[in-house]
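Worksheet: the structure to be examined is printed underneath.
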Amino acid sequence: MQILRDRCRLILELEEALQNSRSEKDTLVQRSEILKNELLEMARQSAKLRENLRNKENAIVLLTEQVTKQELSGPRPVRNGSQRSLPDTEDQVQKMRDILEAYKEKLAFLNEEIVSQNNLRTEMAGREEVLLGMITDWEAKHARLESRLLYSLKDMASGKVKSILGSPEDEVSRIRQRILDEALGGSEADAHVKAVTECDRYGFFVSRLHYTNEEYLERKALEAERRQRLVNLRKDPSSADLSAKWDSFLTKQTRLLQKSEELKNLMRIGCPDGHRGRVWKSCVEWRVSAIKTVKGVGYYQSLVKDTAKPLASSAAKQIKIDLCRTLPNNVHFMNMESDMIPRLEEVLLAFSRHNPAVAYCQGMNRLVAVALLFLNEEDAFWCLVAIVEYLLPGYFTINMIEAQTDQRIFRDLFATKLPELFSHLSQQLDPTLYSFNWFLTVFVDNMHPDIFLPIWDAFLVEGKKVLFRFSLAMFKYFEDVLMEITDQNLANKLLRNLGDRVTDLRKLQAIAFETLNPFPMKLVKARRAVHLPEIMVNFCAADERCWSVD
């Protein structure tokens with residue numbers, strides 16, 4: 001009982017710390033807003049002073065020209081025989097000189113004011129930067145505390161302490177239930193509302209509706225941990241350097257980006273959201289430019305409008321069935337009324353008409369859905385063409401020979417790169433049961449978008465080799481955990497949700513592009529030369545047996 005009370009006390013302390021961090025964060029945000037408003041007001045005042053300064057400078061120049069002209073020309077004769085006296089002229093010149101001196105004094109004063117305003121503005125900008133840094137630190141601290149709290153609540157929700165609690169009227173039990181309800185976000189009815197309102201910038205959300213309390217708490221804890229790492233990554237100076245590198249690179253490019261080592265290196269780290277549409281479109285164009293030239297302008301529109309051309313009813317029917325299965329955890333595709341469902345169906349039907357031999361295969365819907373998050377319908381269609389016909393040819397056919405071949409190659413690479421882990425897992429299960437779907441959907445299934453989108457960036461530039469790298473990196477990332485598991489059911493449960501547990505993008509990228517080096521394509525091609533004929537022979541033999549039975 002004492003152990004339970006200590007745990008509850010720890011949870012209460014964490015909850016209090018979490019509330020304090022939220023309050024501190026809100027205070028800092030308010031202070032930051034005040035500073036921003038003050039900076040805007042100072043900027044307006046500075047602009048006004050500069051405008052006055054320009055007007056004064058123009059007046060001084062004009063007066064100086066007039067004085068100079070007057071001195072050079074001397075007194076001008078006046079018509080009708082009258083002429084101004086010399087003293088009058090000298091008085092006028094002196095008066096203009098006095099006005100000029102007065103303007104100069106005002107100009108000096110305005111210059112001092114502008115310098116003072118600029119110094120104050122610089123000081124305020126520095127204070128704002130400090131406050132923003134403090135906000136970022138509090139966001140990371142908040143996420144860390146939330147993660148710790150949720151993991152503790154997960155243990156409580158699992159029922160491990162239920163027998164110790166005794167009576168449901170126990171004070172500890174009431175405290176536990178209150179904290180659990182707050183962490184879970186209210187009732188089941190509340191969860192239905194929050195499921196469609198709490199979305200990230202891509203429209204993905206974490207729904208409580210399809211998970212047990214224990215599973216939901218673990219997912220929230222993982223999300224908090226992932227958020228903490230992203231916040232820390234955002235405040236890392238290297239992130240600002242990366243953004244500057246992207247801006248510098250794109251300013252030197254034409255509308256269609258050209259292949260280069262610089263672009264490959266940038267895409268291995270990840271493309272900023274604001275540039276992803278343009279960059280992806282260029283990567284797709286490299287693959288499909290030849291076929292687009294052959295098909296001509298307006299080809300996609302003709303596929304969409306071509307209702308006279310027969311379409312296999314089985315493909316159209318399967319597309320309709322799979323629409324709501326595509327990304328059920330995304331507000332844009334969650335049901336038939338979602339905004340991107342008609343666009344998804346349009347692209348898939350167009351591809352069915354474009355390539356009747358493939359028509360439609362499950363998995364293609366997810367590829368198109370991700371493309372539609374950054375591309376319009378026509379560009380998403382050509383993205384699907386690039387993936388199905390150029391990047392992953394043979395993956396979406398009936399026999400999926402290329403996909404099977406790559407999984408055999410992956411097993412060989414796994415045994416070579418991670419021999420101890422391969423030996424340990426092979427005693428319990430086949431790793432390709434999990435990697436197969438990673439290849440087929442380019443990691444969209446069971447992986448957070450902040451993790452799988454940078455994988456797509458590298459994949460669209462470098463091709464299939466990236467899938468081998470990241471599939472191996474996934475196992476390496478969890479190598480220590482997997483090595484400790486001896487129960488097949490536990491290993492299977494972990495591997496089925498492996499992608500969802502990745503929280504450190506930079507660690508995964510470092511494993512894929514550094515730890516696993518060298519990674520020569522010669523090795524992949526050599527293994528393909530061995531496995532592809534074997535699979536072809538097996539397929540032909542199976543086909544002959546089917547014919548003999550008939």
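Positions are given from 1 along the sequence.
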Phe452/Thr441 under side-chain contact (heavy atoms from CB on, under 4.5 Å): CA gap, chis, key distance, verdict: CA-CA 10 Å; Phe452 76 68; Thr441 63; over 6 Å; no
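- Side-chain atoms of Leu460 and Trp286, non-hydrogen and from C-beta on, never get closer than 4.5 Å to each other.
- Counting heavy atoms from C-beta on, the side chains of Arg408 and Glu534 come closer than 4.5 Å.
- For Lys259, the side-chain hydrogen bond (donor to acceptor under 3.5 Å, both in side chains) criterion is met by no residue, not counting sequence neighbours.
- Thr251 places a side-chain N or O within donor-acceptor distance of the main-chain N or O of Asp247, the cut-off being under 3.5 Å.
- The main-chain N or O of Cys271 is found under 3.5 Å from a side-chain atom of Asp457 such that the two form a donor-acceptor pair.
- Between the side chain of Trp456 and the backbone N or O of Val442, at least one donor-acceptor pair lies under 3.5 Å.
- Atom NZ of Lys464 has more than 12 neighbouring heavy atoms from other residues, nucleotides or ligands inside a 6.0 Å radius.
- Atom-to-atom distance recorded for Gln318:CD and Asn365:CG is 9.0 Å, nearest 0.5 angstrom.
- Residue pairs meeting the salt bridge (Lys or Arg N to Asp or Glu O under 4.0 Å) criterion with at least one member in residues 290-299, sequence neighbours excluded: Glu285-Lys292.
- Under the 4.5 Å side-chain criterion, counting only non-hydrogen atoms from C-beta, Leu505 is not in contact with Asp450.
- Looking at every heavy atom in both residues, Leu418 comes nearest to Leu472 through CD1-O, 3.8 Å.
- If you look at Trp438 and Phe475, their ring centroids are closer than 6.0 Å.
- Between the side chain of Gln488 and the backbone N or O of Gln428, at least one donor-acceptor pair lies under 3.5 Å.
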side-chain contact (heavy atoms from CB on, under 4.5 Å) between Ile485 and Leu494, intermediate numbers included: CA-CA 10 Å; Ile485 297 178; Leu494 175 61; 3.6 Å; yes
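- Not a single donor-acceptor pair under 3.5 Å links the side chain of Asn497 to the backbone N or O of Asp500.
- Side-chain atoms of Glu514 and Gln509 include no donor-acceptor pair closer than 3.5 Å.
- Residues His531 and Asp406 bring no donor and acceptor atom of their side chains to less than 3.5 Å of each other.
- Counting heavy atoms from C-beta on, the side chains of Met336 and Lys320 come closer than 4.5 Å.
- By the side-chain contact (heavy atoms from CB on, under 4.5 Å) test, Asn355 is found to be paired with Phe351, Ala357, Val358, Glu389, residues two or more places apart in sequence or in another chain being considered.
- Residues Ile269 and Leu242 meet the side-chain proximity criterion, which asks for heavy atoms closer than 4.5 Å.
- To the nearest 0.5 Å, atom SG of residue Cys283 and atom CG of residue Leu263 are 6.0 Å apart.
- The closest donor-acceptor contact from the side chain of Ser423 to the backbone of Glu420 lies at 3.5 Å or more, if one exists at all.
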side-chain contact (heavy atoms from CB on, under 4.5 Å) between Thr405 and Ile409, intermediate numbers included: CA-CA 6 Å; Thr405 302; Ile409 297 171; 4.1 Å; yes
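- Heavy-atom minimum distance, Leu391 versus Gly463: CD2-CA, 3.8 Å.
- Ion pairing between a basic and an acidic side chain is recognised when a charged N comes within 4.0 Å of a carboxylate O; Lys476 and Glu479 show such pairing.
- Two rings, from His354 and Tyr299, have their centers less than 6.0 Å apart.
- Closest heavy-atom contact between Val502 and Phe478: CG2-CE1, 3.7 Å.
- Closest of all the heavy-atom pairs between Ser260 and Phe249 is OG-CE1, 3.9 Å.
- Aromatic rings of Phe439 and Phe468 (six-membered ring for Trp) have centroids within the 6.0 Å cut-off, being under it.
- Taking the side chain as every heavy atom from C-beta outward, Leu440 and Met400 approach each other to under 4.5 Å.
- Of the possible polar contacts, one joining the Asn330 side chain to the Tyr202 backbone as a donor-acceptor pair under 3.5 Å is found.
- More than 12 heavy-atom neighbours from other residues, nucleotides or ligands sit within 6.0 angstrom of NZ on Lys252.
- Between the CD1 atom of Ile321 and the CD atom of Gln362 there is a distance of 9.0 Å, given to the nearest 0.5 Å.
- In this structure, OG1 in Thr416 is found 11.0 Å from CZ in Phe414, a value given to the nearest 0.5 Å.
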Trace of the salt bridge (charged side-chain N to carboxylate O under 4.0 Å, His left out) decision for Arg411 with Asp430: CA-CA 9 Å; Arg411 280 178 59 88; Asp430 183 359; 2.8 Å; yes
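- For Asn517 and Arg469, the side-chain atoms include at least one donor-acceptor pair closer than 3.5 Å.
- One distance of note links NZ of Lys281 with CG of Leu375; it measures 8.5 Å at 0.5 Å rounding.
- Between the CZ atom of Phe470 and the CD1 atom of Ile451 there is a distance of 9.5 Å, given to the nearest 0.5 Å.
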Full working for side-chain contact (heavy atoms from CB on, under 4.5 Å) between Phe333 and Cys324: CA-CA 6 Å; Phe333 302 96; Cys324 290; over 6 Å; no
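- Across all non-hydrogen atoms, the minimal contact from Ala359 to Ser352 is O-OG, 3.1 Å.
- Between the side chain of Lys417 and the backbone N or O of Leu516, at least one donor-acceptor pair lies under 3.5 Å.
- Geometrically, Arg276 engages Phe374 in a cation-pi contact defined by less than 6.0 Å to the ring centre and at most 45° from the axis.
- Side-chain contact, Glu346 with Tyr300: a donor N or O sits under 3.5 Å from an acceptor N or O.
- Side chain of His424 to backbone of Leu482: a donor-acceptor contact under 3.5 angstrom is found.
- With 3.5 Å as the limit, one finds a donor-acceptor pair spanning the side chains of Tyr360 and Asp322.
- Taking all atoms of both residues into account, the shortest heavy-atom contact from Ile455 to Val466 is O-CG1, 4.0 Å.
- The shortest side-chain heavy-atom distance between Tyr390 and Ile291 falls under the 4.5 Å cut-off.
- Side-chain contact between Met267 and Phe459 is absent, with no heavy-atom pair separated by less than 4.5 Å.
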